[in-house]
Amino acid sequence: RLRGALDFQELLAQEDGLTGLLNARTFRQRCDAIFMLAKRHGRPLALGYLDLDGFKGVNDSFGHAVGDEVLKAVASALSKRLRASDLGSRLGGDEFAVLLPETDLAGARTFFTELHESLVKLAGTNSWPVGFSIGVAVFHHARANPDDALRYADGLMYKVKNSGKNNIFFEEYASEAGGG
């Protein structure tokens, strides 16, 4: 029983308490291993950074309980689309990250376009005044540092925010230096 309780506590330490997705620390740790494997084998991967547009307004207008429901619903929609090898994380607040190993630009476009469409539909069905800005960085040769890759994806998400929000911006990185 002690081993079971310890295993359960370890699992809790790896998850975001609200959404059940990986927490930021665990996401970064697991990214390290996936990036190393992708680099070793010359395999592509895609990293997406998702931020909710207008989320503060949900909390301010409807209360934090509704805000929590929005975050849980986003996490659920994301989880339903993940393969066993994929990673989904709530980085904090209303920001999420998704790592798709063995995924090129075409696969990333399919995944994130379908995810975005389902999230927009979910928000509309529930009358939640939010949108979803997503930046997706696709690496043909995985970078050695997942933190750099996450910064690229975050930067792409801000390109979406600065150009009208509630959309997706994709960019490919073909070289080790991150240049497209």
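No hydrogens, no waters, no symmetry mates; every other heavy atom, side chains included, goes into these values.
Looking at Arg83, its side chain does come within 3.5 Å of a backbone N or O of Pro101 through a donor-acceptor pair. Remark: the backbone N or O of Val160 is paired with a side-chain donor or acceptor of Ser163 at under 3.5 angstrom. With hydrogens and angles disregarded, a donor-acceptor distance shorter than 3.5 Å links the side chain of Ser118 to the backbone of Leu115.
Leu87 CG to Leu82 CG: the interatomic distance, rounded to the nearest 0.5 Å, is 8.0 Å. Residue Asp51 holds its CG atom at 8.5 Å from NZ of Lys165, rounded to the nearest 0.5 Å.
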Pair Arg28-Asp32, side-chain contact (heavy atoms from CB on, under 4.5 Å): steps then yes or no:
CA-CA 6 Å; Arg28 284 185 173 92; Asp32 285 338; 5.8 Å; no
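The only member of Leu99, Leu100, Val138 that meets side-chain contact (heavy atoms from CB on, under 4.5 Å) when paired with Leu45 is Leu99. For the side-chain contact (heavy atoms from CB on, under 4.5 Å) criterion with Arg90, the lone passing option out of Leu71, Asn23, Leu78 is Leu71.
No side-chain donor from either of Glu171 and Tyr152 sits under 3.5 Å from a side-chain acceptor of the other. A donor-acceptor contact closer than 3.5 angstrom links the side chains of Asp53 and Ser133. Side-chain N/O atoms of Asn166 and His116 include a donor and acceptor closer than 3.5 Å.
Ion pairing of Asp60 with Lys56 is present here, as a side-chain N (NZ or NE/NH1/NH2) and a carboxylate O approach within less than 4.0 Å.
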